[in-house]
Amino acid sequence: MIQHLQHKIFKCISECADELGLETYVIGGYVRDVLLKRKEPKDIDIVCVGSGIELAKKVAHKLHGKPKVQVFKNFGTAMLNHKDLEIEFVGARKESYQKDSRKPSVENGSLEDDQNRRDFTINTLALCLNKHRFGELLDPFNGISDLEKGIIRTPLDPDITYSDDPLRMMRAVRFATQLNFTIEQSSIEAIERNAKRLEIISQERIIDELNKIILAQTPSKGFKILFNTKLLHQFFPEFVELYGVEVIKGKKHKDNFYHTLEVLENLSKNTDNLWLRWAALLHDIAKPETKRFEEGHGWTFHGHEFIGSKMVPIIFKRLKLPLNEKMKYVQKLVLLHLRPIVLSKDFISDSALRRLLFDAGEDLEDLMLLCEADITSKNEKKVKRFLNNFQIVRQKLKDIEELDHIRNWQPPISGALIMNTFDIQPGKIVGEIKNQIREAILDGIIPNEYDKAYNYMLEKGKEQGLEKQ
Ligand code: ATP
Ligand code: MG
């Protein structure tokens, strides 16, 4: 194991631990990730039998540049940053839980007590740092074997582990997704039994884990586990609603739950943008609400893009996702997600292209990625044809953009100019005239030029009984 402790920092911690006479280990995520050769982990958790704060202070003192130690007295932990590493020190502890809180009461304990309180066997692995035992592995729960077999298993009875801290259920799904591991059956059953206890977890913690699932390589794996264990039902009922197929008169619609996950999966191959992935998750979110069966026609979901975009802020607010421009971006993509499809089917007019360029602006490329991911037909010929159509749309958009520069465009006539010209106060009429000018340019009635737009403004003003002052 010594090969995994090459980093200079471990030598320094080792010396300090020996000087203080503290039994000291590197534990948890760091050990797991180096053994998996996942990535060079940037956060290191150090546990010692004794005062973690004292050890942290000594290490900081010895390090070049003497980094500042942040002490969290209440938790008995200390943290320091060294180069690009974030190192946390804690004294080994024993925990006991009350039913209504995930905050345990804590007392000092042995290393074994500390390993017992951890969430999964693969997260309990500890490597000793003291000189005479340097690199010795402590693995009381066969975590190494689970790491090799790809199994998520709790060190103690899973019902106790999950009930004590229900966030661990989300973590289980997250690790299974990130590492492509399997959650062992008894653990899955315990999650099903304890899913309701997620209610004592703050939404911020839940969404942290969910976002990590969404950012994984195959996020749909996580969503299927969340759904099957009913964890998803606890915090994201709108998404659960997408599940299922209805049949009327022998006609069925597709299962929008699995369709959405397929879209997310397709898209994830082409982007790591969390918010674009969120747009995929929400693009059909209003399908259940807008679903109708129309005689002679079959299933329709009229306006689901519009209703869906209205649902975005509501969902973001409840899930404690940011209510800023990220939310607006997701909203915009949900609203526009059918537009390129319409364009690829019909005869494409220049004005329709200009409108899409104007409405999508700088997010056009992301919108196209979403639309391409939205093709989930099993018929390969169809998929090819749709993708080809999108290629044509892309090319036409490019051509018209080169001609008109509509993307990121501001109409040439401002509200202020309208008010000045006609000497009127701010009000509905100003907005109306501004809109009419914009629409006329997008429709190609007038060119995108100041003089033409100015004359058009005078004309439209006249229709409202306004004269140039
Ligand atoms: P990552 O850094 O990729 O999120 P990690 O396993 O390092 O994964 P951290 O949140 O950094 O996760 O926690 C470090 C270690 O602390 C874990 O490996 C685990 O041993 C322990 N741990 C973290 N959260 C919990 C929890 N809710 N219950 C029990 N043990 C936990
Ligand atoms: Mg970590």
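Computed from a predicted structure; not experimentally measured. When a ligand or atom number is given, it counts from 1 through the structure's own listing order.
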Note to self: I'd like to know if D164 and R102 make a salt bridge, using a cut-off of under 4.0 Å between side-chain N and carboxylate O.
What the structure shows: no
Next item on the list: Determine yes or no for a side-chain-to-main-chain donor-acceptor pair under 3.5 angstrom, with S101 supplying the side chain and K103 the backbone.
Entry: yes
Checklist line | Crowding at CZ, F293 (>12 non-hydrogen neighbours, <6.0 Å) | finding: yes
Item checked: Pair H7-H82, ring pair (Phe, Tyr, Trp, His ring centres under 6.0 Å): steps then yes or no -> CA-CA 12 Å; H7 206 293; H82 175 62; 7.4 Å; no
Note to self: Tell me whether the NZ or CZ atom of K251 lies within the 45° cone about the ring axis of W299 and under 6.0 Å from its centre.
What the structure shows: no
Return a table of donor-acceptor pairs under 3.5 angstrom between the side chains of residues 220-229 and protein atoms on other chains or two or more places apart.
{"unit_1": "S220", "atom_1": "OG", "unit_2": "E265", "atom_2": "OE1", "d": "2.7"}
{"unit_1": "K221", "atom_1": "NZ", "unit_2": "N180", "atom_2": "OD1", "d": "3.0"}
{"unit_1": "K221", "atom_1": "NZ", "unit_2": "F181", "atom_2": "O", "d": "2.9"}
{"unit_1": "N228", "atom_1": "ND2", "unit_2": "K224", "atom_2": "O", "d": "3.1"}
{"unit_1": "T229", "atom_1": "OG1", "unit_2": "I225", "atom_2": "O", "d": "2.8"}
{"unit_1": "T229", "atom_1": "OG1", "unit_2": "L226", "atom_2": "O", "d": "3.3"}

Note to self: Check the orientation of F120 and Y162. Use parallel for under 30°, tilted for 30 to 60°, and perpendicular for over 60°.
What the structure shows: tilted
Pairs under 3.5 angstrom only: tabulate donor-acceptor contacts from the side chains of residues 388-395 to other protein residues two or more places apart or in another chain.
{"unit_1": "R394", "atom_1": "NE", "unit_2": "E372", "atom_2": "OE2", "d": "3.0"}
{"unit_1": "R394", "atom_1": "NH1", "unit_2": "E365", "atom_2": "OE1", "d": "2.9"}
{"unit_1": "R394", "atom_1": "NH1", "unit_2": "E365", "atom_2": "OE2", "d": "3.1"}
{"unit_1": "R394", "atom_1": "NH2", "unit_2": "E372", "atom_2": "OE1", "d": "3.0"}
{"unit_1": "R394", "atom_1": "NH2", "unit_2": "E372", "atom_2": "OE2", "d": "3.2"}
{"unit_1": "Q395", "atom_1": "NE2", "unit_2": "D399", "atom_2": "OD1", "d": "3.0"}

Notebook entry, point to check: Which residue and non-hydrogen atom of the protein lie closest to atom 1 (P) of ligand 1, and at what distance in Å?
Noted result: R174 NH1, 3.7 Å
Margin query: Check whether F301 forms a cation-pi arrangement with K287 (NZ or CZ under 6.0 Å from the six-membered ring centre, at most 45° off the ring normal).
Written below: yes
Notebook entry, point to check: Does E241 have any side chain to side chain contact (heavy atoms under 4.5 Å, CB included) partners at least two apart in sequence or in another chain, and if so, which?
Noted result: P288
Next item on the list: Would you confirm whether E88, through its side chain, and M79, through its main-chain N or O, come within 3.5 Å as a donor-acceptor pair?
Entry: no
Margin query: Checking the N or O distance criterion of under 3.5 Å, is ligand 1 in contact with D33?
Written below: no
Notebook entry, point to check: Which ligand 1 atoms are under 4.0 Å away from a heavy-atom of G29?
Noted result: 6 (O), 7 (O), 18 (O)
Note to self: Polar contacts were defined as any N/O atom of the residue lying under 3.5 Å from an N/O atom of the ligand; does this apply to R171 and ligand 1?
What the structure shows: yes
Checklist line | D119 neighbourhood, listing ligand 1 atoms whose heavy-atom distance to it stays under 4.0 Å | finding: 19 (C), 25 (C), 28 (N), 29 (C), 30 (N), 31 (C)
Checklist line | Atom indices of ligand 1, in the order listed, that fall short of 4.0 Å to a heavy atom of F175 | finding: 6 (O), 8 (O)
Notebook entry, point to check: Going by the order shown, which atoms of ligand 1 are within less than 4.0 Å of some heavy atom of G28?
Noted result: 18 (O)
Item checked: Which of the ligand 1 atoms, numbered from 1, are nearer than 4.0 Å to a heavy atom of D165 -> 26 (C), 27 (N), 28 (N)
Notebook entry, point to check: In ligand 1, which numbered atoms sit nearer than 4.0 Å to a non-hydrogen atom of R117?
Noted result: 29 (C), 30 (N)
Next item on the list: With heavy atoms under 4.0 Å as the rule, classify the contact between D43 and ligand 1 as side chain, backbone, both or neither.
Entry: side chain
Checklist line | Distance filter under 4.0 Å to D45 heavy atoms, resulting ligand 1 atoms | finding: 14 (C)
Next item on the list: Decide if the gap between the ring center of H283 and the ring center of H259 is smaller than 6.0 angstrom.
Entry: yes
Next item on the list: Return the residue, atom name and 0.1 Å-rounded distance of the protein heavy atom closest to atom 15 (C) of ligand 1.
Entry: R118 NH1, 3.6 Å
Note to self: Any atom of ligand 1 sitting under 4.0 Å from a heavy atom of L167?
What the structure shows: no
Check: K212 heavy atoms, cut-off 4.0 Å: which ligand 1 atoms fall inside?
Finding: 4 (O)
Check: Which protein N, O or S atoms lie under 2.8 Å from the Mg ion (ligand 2)?
Finding: D43 OD2
